[in-house]
Amino acid sequence: MDSKFLKPYDHKAVETDIYKKWEDSGYFNPDNLPGERTESFSIVLPPPNVTGTLHLGHAAMLAVEDILVRFARMRGLKTLWVPGTDHAAIATQSKVEKEIQKKEGVNRHDLGRETFLKRVEEFAQASHDTIVNQVRRMGASVDWSREAYTLDDSRRRAVNEAFIRMHKAGLIYQGERIVNWDPKGQTVISDDEIVYREEKSKFYYFTYGPFTIGTARPETKFGDKYVVMHPDDARYAQYKHGDTLEVEWINGPITATVIKDAAANPEFGTGVMTITPWHSGIDFEIAERHKLNKEQVIDKYGKLLPIAGEFAGLKIAEAREKIVEKMREKGLLVKVDEDYVHNVATAERTEAVIEPQIMKQWFVAVNKEFERDSKQTTLKEIMRKAVESKNITITPDHFEKIYYHWIDNLRDWCISRQIWFGHRVPAWYKGEEIRISAESPGEGWEQDSDTLDTWFSSGLWTFSTLGWPEETADMRTYHPTSVLETGYDILFFWVARMILMSGFLLDTVPFQRVYLHGLVRDEKGRKMSKSLGNIIDPLDMIEKYGADAVRLSLIVGAAPGNDLKLSEDRIRGYKNFANKIWNIARFVLESGQAAGADSDATLAPEDEAIVEEARGAAQEAATHIDSFRLDLAADTMYQFIWHRFADAILEESKPLLKGPDAARAKSRAAALLQALEVLLKGMHPFMPFVTEEIWSSMPNTKDLLMVEAWPAKETV
RNA sequence: GGGCGAUUAGCUCAGUUGGUAGAGCAACUCUUUUACACAGAGAAGGUCACAGGUUCGAGUCCUGUAUCGCCCACCA
């Protein structure tokens, strides 16, 4: 027996070497896997953002996926796990810009597009290297030879091709529509990048001709020349749709037009409102329905335009009270409600208050009909049907309802951003002419300065990583992928977009199964965040307790879709378990040696029963993995190894092994060796390092444990 | 406002088609006996949030209530 077993298990001494052995073996690449493998199993790694380091959520994701991948590999499938990173356009750009601003006091415009982008890329590269190291430390068996980046050349081809095809089909269009403008980031953002913040502010009531109207934003009201009420509101029955009346307003008299629209809520305030189509989504829709004029009041820096008269040039915050004061002087202020609580839309990255604006942007039309298999359909319908038809199963299933709910409320997706870091929109301009093309159409053509929403490129991830638009062997073998595993928090951002992209471009689903894991929280159930100071760094935990322990602590007790409360105590518990397995191996190896037992010896029936029982545990674990209950699978193995195999079977075996009957002892010792082999295999996906390390000291092992066959029961 | 979850031992959670409640941590007692004290043996701990209902029987199914959490919408 190897003398290493005389000391407690030391993860630090083995983990790095083991990972190197795996990597050197080439088995992470399915092309090198031993044996005949026909059926394939593939996963793409949700690419971590190159904005810094990995957190425990990433660690949980890596643990789950590695379990699925190692299990599939051991079951003899052609198994591919593609790694990669995401350039995360706006997140990375704003992070770098903040850093430069803080350290050097300059912004991106001071540096210029080219220099600034270089700086972002340097940061992204450093971040990438950190991430890759962390992925290795977790033991993730990804195929590094296929590593991808959402902003590399290969992915750029895919992005351009996707854009061009969708544009050709009329599903990408340039339009003047109301969008979410971030005045601080100076870019448009999508609905999903908005965070609502509850705020208490003042709510003002003004006299508007014969009406009283309410608003929290007097600074937008200059151009309000439409007064809207519900068609069935009896109080205003005397006013007909289209009636005009002269009203005294902020900067003098204006002509107001009566509009009857069901969007006006009779219950709210006085039931009458004036509208500002340029700076409100709802108002924009009302204006569209009735073909009303729209006027811009606030510019993209948050300053009032000349329409505001004497207030022109003022910032929103300065203007508001001054306007109210003027209205008070004119006797048009009815009252002020001081405790108006409402939700304010802010930008996720910059925290600036969003100013809706009408702007020319690029959109993906989700409701537009197009022909597919000689039938009319829409992108929305494709997204819905992918799940309805069961071509995609979402686990846990209640997320399917949430998914449908989101799809039904989906509006056109604004994909252009006024930021620099990202894929340039493949549109070219020359005077009034516009062309869509990856390359410049020639002399005098200028490319659109906007970049694409980061989710446009990550939406292609399952197939852009496999070589699309080229018809590669990887595409044929590994797409659609088997499982997409990710946190439920990006179901809409990402999962839905992949279904859309794959559905349109390949006429297929991007994956057969979506497995959503929960969020990792601290022991009190709070989100981990810098401000709370409760962040647990996975690398620290790996240093202290080993990757195996960290992995198990993130798996056991985490039912699909449920948040996991993690404490260091739990991790320590699983480190103890790694040591337990270590000592089990020591005992079994020692006993085997003492009895002169061979692991492939023929066994007495009652000894064979022990091996069979171990196979039974592995089989039970397999059943749980098949139904994506990794928590139960890991627990099954844990319980069996510790409380059945160690506590009962080994204890019962002691007298036999030391007994007078040498043949009996030999058979039992051989059985324990065989059972241990089975248990190492069964535990390998969950705790790959310690099991592989022990495996290397087992008699009669030929190859790495990671490519051994999953133990099957002999009697069914 | 609309939707979705959760509520089981001190803590974190299992509990599969209804059949007298389980695990891991923590705490308690004993044990350093050659696999392991990163351990073993043992004991303790629960009106399964509450109220009804279905049933021979409910933690499990139905209805309602309460508390907590999340998602969507954003009412000028």
Side-chain angles (χ1 to χ4, degrees), chain A residues 1 5-11 191-192 194 196 198 203-206 213-217 220-221 224 227-229 263-276 279-283 286 340 342-345 396 398-410 488-489 491-492 518-519 521 523-527 545-546 549 552-553 556-559 561-591 623-624 627 629 631-632 635-636 638-639 642-643 646-647 650-651 653-654 657-658 672:
Chain A
M1 189 195 64
F5 287 108
L6 299 177
K7 285 183 288 185
Y9 174 61
D10 179 10
H11 60 271
D191 294 346
D192 313 292
I194 286 178
Y196 288 96
E198 195 169 271
F203 193 79
Y204 309 93
Y205 289 92
F206 297 127
I213 60 122
T215 184
R217 302 201 57 195
T220 64
K221 298 274 130 194
D224 285 17
V227 57
V228 184
M229 57 213 74
N265 179 1
E267 310 286 319
F268 187 88
T270 57
V272 179
M273 63 177 173
T274 60
I275 57 168
T276 313
H279 299 289
S280 154
I282 301 269
D283 295 1
I286 294 171
Y340 178 64
H342 63 150
N343 287 328
V344 178
H398 73 259
F399 279 102
E400 292 187 2
K401 282 186 220 162
I402 299 176
Y403 175 81
Y404 292 137
H405 187 255
W406 182 80
I407 299 266
D408 292 340
N409 290 309
L410 190 62
Y488 62 73
D489 50 331
L491 178 64
F492 307 132
L519 305 181
R521 297 171 178 278
E523 65 252 82
K524 295 191 185 107
R526 301 172 304 183
K527 262 190 175 172
Y545 305 109
L552 219 54
S553 71
V556 179
N562 282 5
D563 290 354
L564 175 74
K565 289 180 196 157
L566 185 76
S567 64
E568 211 171 316
D569 276 347
R570 273 168 47 82
I571 307 179
R572 193 180 305 116
Y574 292 114
K575 173 187 160 34
N576 295 352
F577 179 57
N579 191 52
K580 186 75 185 182
I581 301 179
W582 188 251
N583 282 294
I584 288 169
R586 172 179 169 182
F587 177 78
V588 170
L589 287 167
E590 254 171 10
S591 311
T623 309
H624 286 310
S627 50
R629 288 303 304 265
D631 55 325
L632 298 182
D635 204 42
T636 299
Y638 179 99
Q639 293 302 328
W642 199 318
H643 299 298
D647 290 348
L650 293 191
E651 290 307 321
S653 300
K654 283 176 182 175
L657 293 166
K658 297 214 167 57
L672 295 182

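The chains referred to below are lettered A, B, ... by the order of the sequence lines, with proteins before strands, and numbering in each begins at 1.
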Below 4.0 Å: OP1/OP2 of B/rA39 and any side-chain N or O of A/Asn579: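 Result: no.
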
Value in whole Å for how far the [atom2] atom of [N] lies from [atom1] of [X]:
X: A/Trp642; N: B/rA39; atom1: CH2; atom2: P; value: 5 Å
X: A/Lys7; N: B/rC36; atom1: NZ; atom2: P; value: 16 Å
X: A/His643; N: B/rG22; atom1: NE2; atom2: P; value: 16 Å

Classify the nucleic acid contact of [X] as base, sugar-phosphate or nothing, counting any heavy atom under 4.0 Å across all strands shown.
X: A/Glu651; answer: base
X: A/Ser280; answer: nothing
X: A/Asp647; answer: sugar-phosphate

Can you confirm if the NZ or CZ of A/Lys580 lies within 45° of the ring axis of A/Tyr638 and under 6.0 Å from the centre of its six-membered ring?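 A/Lys580 over A/Tyr638 ring: no.
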
Under 3.5 Å, is there any donor-acceptor pair linking the side chain of A/Asp569 to the base of B/rC25?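 Side chain to base: no pair below 3.5 Å.
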
Base B/rC38 paired with A/Lys580 side chain (donor-acceptor, <3.5 Å):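 No.
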
In terms of the nearest nucleotide of RNA chain B, which residue is placed more toward the 5' end: A/Pro8 or A/Phe203?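 Whichever sits nearer the 5' end wins; that is A/Pro8.
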
Let me know, please, whether A/Met273 or A/Phe5 comes out on the 5' side of the other along RNA chain B by nearest nucleotide.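 Mapping each residue to its closest nucleotide by heavy atoms, the 5'-most match is A/Phe5.
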
Minimum heavy-atom distance A/Lys7-A/Trp582, with the two atoms named: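 Nearest pair, atom of A/Lys7 first, then A/Trp582: O-NE1, 2.9 Å.
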
So which heavy atom on A/Ile584 is nearest to which on A/Ala646, and how close?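 For A/Ile584 and A/Ala646, the tightest heavy-atom pair comes out as CD1-CB, 3.8 Å.
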
Taking Watson-Crick and G-U wobble pairs with both distances under 3.5 Å, convert RNA chain B into its dot-bracket string, 5' to 3', dots for unpaired and | for cross-strand pairs. (((((((..((((.....[..))))..((((.......))))......(((((..]....))))))))))))....

Between the protein and nucleotides 4-14 of chain B, list the N/O to N/O atom pairs that are separated by less than 3.5 angstrom.
| from | atom 1 | to | atom 2 | distance (Å) |
| --- | --- | --- | --- | --- |
| B/rG5 | OP1 | A/Lys401 | NZ | 3.4 |
| B/rA14 | OP1 | A/Asn562 | ND2 | 3.0 |

